[in-house]
Amino acid sequence: MIRVAMTGTSGFIGRHVASALIAQGAEVIDVRAVGTYDLLRPDDRAKAMDNLHADIFVHLAWITKHGEFWASEVNNAWEVATADLVARFFSNGGRRVVATGSCTEYDWTRGGVFSEHAPLAPHTIYGAAKARTGEALLRSAEEHGASAAWARIFFLFGSGEPPSRLIPSMFHACLKKERMACGPHDTVRDFWDVRNLGEALATLALSDVSGPINVASGEGTSFEEIGGLIEKITGVHEVIHFNERLLGEGEPRVVIADTTRQQSELGFKAPISLETGLSDYNKTLKQTYV
């Protein structure tokens, strides 16, 4: 049985990755559950990693608090911590690392469809720290004669996400029948059910695909389209009003992943469609409004 060590196991993404790994026959070891460790402390990282005895390391832990993570200096602390965790894992005989980056690493002044070869020019502290971390991970793997993949994530939705994000905010407006002011109707994003991402990352971890790879739907959906689907699912109409808010500074109108590598090399096909994912999410959210 392949032993997979994980950080962020109980998080928004991690719980789906862990369950998918177990379903695929792996043994999952929660790094933080081995002891009471603060992975931002060097001594705790040493205690957590030096006796881990795992084949693969899936590293998901990072600052994620909505509204704070974009500009927090804690991003830089996680950059340092990740380099140390990875080096310790490889030095102790680990053979493969999969960690997660972000579409915000790319040069968003261009907008459009981003392949893994697109220029990196992050405009936030978060994106810059992620970009440096991904590059350092791949160098470390090469130096140790090991394998690594850097999975760039796009726009997720699903149970457990912060309620202030776009899709849960749209559901809230519909379920409470409250007016919502939204951004430009033709803003396009690559939305994906977090359960699909869990399956994709588990598949990636157990594969030999290396280097940067986009993990996403590969399809663009406009704000107007996503709002229309949510109104259709909830049976509530004309509560989401577009073109009443501006995009944030540096945000392009269109961000979509080129998923050629995911499809051709990883051979991953998402099991959950956009509408099915939104319908399932609606059933979960409705329980909080009863």
Side-chain angles (χ1 to χ4, degrees), residues 4-8 11-14 17 31 39-40 45 49 56-64 69-91 94-110 113-156 190 192 197 200-205 207-216 218 250 255-262 265-266 268:
V4 181
M6 279 188 64
T7 64
F12 175 50
I13 295 170
V17 179
V31 171
L39 297 181
L40 294 181
R45 291 197 295 271
M49 301 301 288
I56 300 169
F57 178 32
V58 176
H59 177 48
L60 305 175
W62 199 274
I63 177 174
T64 58
F69 70 92
W70 293 115
S72 174
E73 293 298 330
V74 178
N75 286 292
N76 298 325
W78 272 113
E79 179 185 352
V80 172
T82 300
D84 187 31
L85 289 166
V86 167
R88 290 181 182 279
F89 179 73
F90 285 144
S91 295
R95 62 180 179 83
R96 178 167 172 78
V97 173
V98 171
T100 50
S102 167
C103 61
T104 61
E105 298 172 49
Y106 292 120
D107 181 3
W108 275 16
T109 61
R110 299 168 179 264
V113 180
F114 295 89
S115 78
E116 293 86 354
H117 303 293
L120 301 185
H123 65 280
T124 62
I125 291 174
Y126 168 78
K130 283 288 190 179
R132 292 191 300 266
T133 299
E135 291 169 351
L137 166 62
L138 300 181
R139 285 197 305 270
S140 183
E142 185 175 2
E143 290 166 2
H144 286 88
S147 171
W150 181 247
R152 294 198 181 113
I153 297 170
F154 282 65
F155 299 88
L156 301 174
D190 190 322
W192 217 24
L197 178 66
L201 289 178
T203 302
L204 179 62
S207 76
D208 58 2
V209 174
S210 62
I213 179 170
N214 292 333
V215 279
V255 179
I256 305 171
D258 178 337
T259 56
T260 301
R261 288 204 76 202
Q262 177 181 278
E265 296 180 45
L266 191 60
F268 181 78

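On a predicted model such as this, the values are computed, not experimentally measured, just so you know.
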Problem set entry | Residues V97, F57; criterion side chain to side chain contact (heavy atoms under 4.5 Å, CB included); working and verdict | CA-CA 5 Å; V97 173; F57 178 32; 4.0 Å; yes
Report task. Quick one: do L266 and S207 satisfy side chain to side chain contact (heavy atoms under 4.5 Å, CB included)? Show the steps, please. Result -> CA-CA 7 Å; L266 191 60; S207 76; 3.6 Å; yes
_Please determine whether side chain to side chain contact (heavy atoms under 4.5 Å, CB included) holds for the pair L201 and L60, giving the CA-CA distance in whole Å, both sets of side-chain angles, and the decisive distance to 0.1 Å._
CA-CA 10 Å; L201 289 178; L60 305 175; 4.3 Å; yes
**Study point:** Residue pair F90, S140: steps toward the side chain to side chain contact (heavy atoms under 4.5 Å, CB included) verdict
**Key:** CA-CA 8 Å; F90 285 144; S140 183; 3.6 Å; yes
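Counting only heavy atoms from C-beta outward, the side chains of F155 and V255 approach each other to under 4.5 Å. Counting heavy atoms from C-beta outward, P122 and Y106 have side chains that stay 4.5 Å or more apart. Using a 4.5 Å heavy-atom threshold, the side chains of I153 and I13 count as touching. Taking the side chain as every heavy atom from C-beta outward, H144 and V86 never approach each other to under 4.5 Å. For the pair V74 and F69, the minimum side-chain heavy-atom distance is 4.5 Å or more.
For the residue pair Y126/N76, the side-chain donor-acceptor check at 3.5 Å is not satisfied. A donor-acceptor pair shorter than 3.5 Å cannot be found between the side chains of W70 and N75.
R261 places no side-chain N or O within 3.5 Å of a backbone atom of S115 that could act as its donor or acceptor partner. Checked by atom type and distance alone, the side chain of S91 never pairs as donor or acceptor with a backbone atom of R88 at under 3.5 Å. Formation of a donor-acceptor pair under 3.5 Å by the T7 side chain with backbone atoms of A61 is found in this model. Judged purely by atom type and a 3.5 angstrom limit, W192 has no side-chain atom pairing as donor or acceptor with the backbone of G218. Panel note: side chain Q262, backbone I213; no donor-acceptor pair is recorded below 3.5 Å. Side chain of N214 to backbone of A257: no donor-acceptor contact under 3.5 angstrom is found. For D190 (side chain) and F154 (main-chain N/O), no donor-acceptor pair under 3.5 Å exists by modelled atom type. The backbone N or O of A205 sits less than 3.5 Å from a side-chain atom of R96, completing a donor-acceptor pair.
A distance of 7.5 Å separates OG1 of T100 from NE2 of H59, quoted to the nearest 0.5 Å. For the atom pair OG (S210) and CG (L138), the distance works out to 8.0 Å, reported to the nearest 0.5 Å. Separation of atoms CD1 (I125) and OG1 (T104) is listed at 12.0 Å; rounding is to 0.5 Å.
For R110, the salt bridge (Lys or Arg N to Asp or Glu O under 4.0 Å) partners at least two apart in sequence or on another chain are D107. Contacts of R132 classified as salt bridge (Lys or Arg N to Asp or Glu O under 4.0 Å), with partners at least two apart in sequence or in another chain: E79. T124 meets the side chain to side chain donor-acceptor pair (under 3.5 Å) test with no other residue; sequence neighbours excluded.
Counting all heavy atoms, side chain and backbone alike, R95 lies closest to I56 at NH2-CD1, 4.0 Å. Looking at every heavy atom in both residues, A99 comes nearest to L137 through CB-CD2, 4.0 Å. Residues R45 and D84 approach most closely at NE-OD2, 2.7 Å, considering heavy atoms. The minimum heavy-atom distance linking L39 with A81 is given by the pair O-CB, 3.5 Å. In terms of heavy-atom proximity, A5 sits nearest to V31 at CB-CG2, 4.0 Å. Taking each heavy atom of S72 and I63 in turn, the nearest pair found is OG-CD1, 3.4 Å.
In this structure, K130 satisfies the cation-pi test against W62, with its NZ or CZ atom closer than 6.0 Å to the six-membered ring centre and inside 45 degrees of the ring normal.
The pair E105-R152 counts as a salt bridge, with a side-chain nitrogen and a carboxylate oxygen less than 4.0 angstrom apart.
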